[in-house]
Asks: 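Can you keep this structure in mind? I'll have questions shortly.
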Protein chains: 2
Amino acid sequence: MFQLSKKVEYGLIALRHMAMHPMGQVFTAKELAREYDVPYELLAKVLQKLARAGIVHSTQGVRGGYALGSDPRAMTVATVIQIIEEEKPMIAECYVEGPDSCSIFDSCTIRKPLGKVQRDLNILFDKMTIHQII
Amino acid sequence: MFQLSKKVEYGLIALRHMAMHPMGQVFTAKELAREYDVPYELLAKVLQKLARAGIVHSTQGVRGGYALGSDPRAMTVATVIQIIEEEKPMIAECYVEGPDSCSIFDSCTIRKPLGKVQRDLNILFDKMTIHQII
DNA sequence: TTGAAATCCGACTTCAGGAGTCCGATATTG
DNA sequence: CAATATCGGACTCCTGAAGTCGGATTTCAA
């Protein structure tokens, strides 16, 4: 309940690891998985998503792997979540899927007030960068 | 992902409804469920939990129902979530269940940094009261 | 005193989504 | 050509959210 997914956690751990080393250094999914004792296949999937989004740069083949694709100071936790989950962290479904997703949308009286919480939450995640978690 | 549960939503809606009427006024779970088009049995369970916690006062029997048990100005969203979910809204499992709940606890490098987010989140939910969502 | 209306509470079902796994394809290097 | 990567879809497993049901208890009023 109300938790970040393992995928997001693994992604943040991996990004942090890369951010702690010289920019451009390449790491394989396998070594990252071993280092942090994380399921390799799952981490691999996460890194692939981050690669598709351009946050990390991937190179295939022998001696391939992943390297940071942009400045960790400009890389927010919000962005990372957004990429991995394919949506922003929203505290209510209707904020994501719209009116038709909620059977009580019209009679709901807390949507607007909770919007304030949502906005503050967005600010929270937007403020925190990968660089800051080092 | 990262959403409040329906139970919490229903609870907040019901509490808000009561807070908008004169203190002490009694509402049945049935009429609240009808008013907001919410599953009766589920809302009933939520109200029972809130009653056990003393947040609302319940009276059984004919002409019974629920009434606000304390000042909505002192009733925080954090408290309501805590009562209904039986735990605070935590962004990582290890914050709730401790080291043994997470297989990578020792190698996890993001627990501390995310603690900052967690604290800010707590403040957010602590700041918002039922009175404010009117 | 009896029936209706309400809370109370546990047990149950259903289902979606999170977590993890597997496999084959493709790319790259030596 | 073989070894080592990423790539990406399909799959299983399982937990927990959401909702339902049934029966017990309490209370009021006719």
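We name chains A, B, ... by the order of the sequence lines, and we start the count at 1 in each one. Just so we're clear, the structure is a prediction, and the values are computed from it rather than from any experiment.
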Asks: Considering residues, nucleotides and ligands other than A/K49, do more than 12 of their heavy atoms fall under 6.0 Å from its NZ?
Replies: yes
Asks: What pair of heavy atoms forms the shortest contact from A/L43 to A/Y10, and how long is it?
Replies: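 The answer is CD1-O, 3.9 Å.
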Asks: Taking only residues two or more places apart in sequence or in another chain, which ones pass salt bridge (Lys or Arg N to Asp or Glu O under 4.0 Å) with A/D120?
Replies: A/K116
Asks: Looking for any heavy atom pair under 4.0 Å, which part of the strands does B/A44 touch: base, sugar-phosphate only, or nothing?
Replies: nothing
Asks: Round to the nearest Å and state the distance from A/K6 atom NZ to D/dT15 atom P.
Replies: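 Rounded to whole Å, this separation is 14 Å.
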Asks: On DNA chain C, nearest-nucleotide positions of B/K30 versus A/P39: which is more 5'?
Replies: B/K30
Asks: State, without any angle test, whether B/E85 and B/S5 hold a side-chain donor-acceptor pair at a distance under 3.5 Å.
Replies: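 Result is yes, a qualifying pair exists.
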Asks: Within the pair A/Y40 and D/dT6, is there a side-chain N or O less than 4.0 Å away from OP1 or OP2?
Replies: yes
Asks: Within 45° of the six-membered ring axis of B/F105 and under 6.0 Å from that ring's centre, is NZ or CZ of B/R111 located there?
Replies: yes
Asks: What is the distance, to the nearest angstrom, from the CD atom on A/Q3 to the C1' atom on D/dT15?
Replies: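 The answer, rounded to whole Å, is 12 Å.
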Asks: B/Q48 CD to D/dG23 C1': how many Å, rounded?
Replies: 13 Å
Asks: With nearest nucleotide decided by heavy atoms, which residue, B/E93 or B/V62, maps closer to the 5′ end of DNA chain D?
Replies: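 Looking at the nearest nucleotide for each, B/E93 comes out on the 5' side.
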Asks: If the cut-off is 4.0 Å, is B/Y10 near the phosphate of D/dA18, judged by side-chain N/O to OP1 or OP2?
Replies: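 No, outside the criterion.
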Asks: Which whole-number value in Å describes the distance from A/L42 CG to D/dG9 P?
Replies: 16 Å
Asks: Whole Å only: how far is the NZ atom of B/K7 from the C1' atom of D/dT20?
Replies: 13 Å
Asks: Answer yes or no: does a side-chain N or O of A/S58 lie under 4.0 Å from OP1 or OP2 of D/dC7?
Replies: yes
Asks: Going 5' to 3' on DNA chain C, which nucleotide is the first and which the last to come under 4.0 Å of a heavy atom in chain A?
Replies: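 The protein-touched segment is C/dA19 to C/dT29.
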Asks: Taking CG from A/L43 and P from D/dC7, how many angstroms apart are they, rounded to a whole number?
Replies: 12 Å
Asks: Would you say the side chains of B/H17 and B/Y36 form a donor-acceptor pair under 3.5 Å?
Replies: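 Present: a donor and an acceptor within the cut-off.
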Asks: Rounded to whole Å, how long is the line connecting atom CD of B/Q60 with atom P of D/dC28?
Replies: 11 Å
Asks: Return the NZ to CG distance between A/K7 and A/L12, rounded to the nearest 0.5 Å.
Replies: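 Going from the NZ atom of A/K7 to the CG atom of A/L12 covers 13.5 Å.
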Asks: Could you tell me how far apart A/F2 (CZ) and D/dG16 (P) are, to the nearest whole angstrom?
Replies: 18 Å
Asks: If you assign each of A/R52 and B/T59 to its closest nucleotide in DNA chain D, which residue comes earlier from the 5' end?
Replies: A/R52
Asks: DNA chain C: A/K45 or A/R63, which has the more 5' nearest nucleotide?
Replies: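 Upstream on the strand: A/K45.
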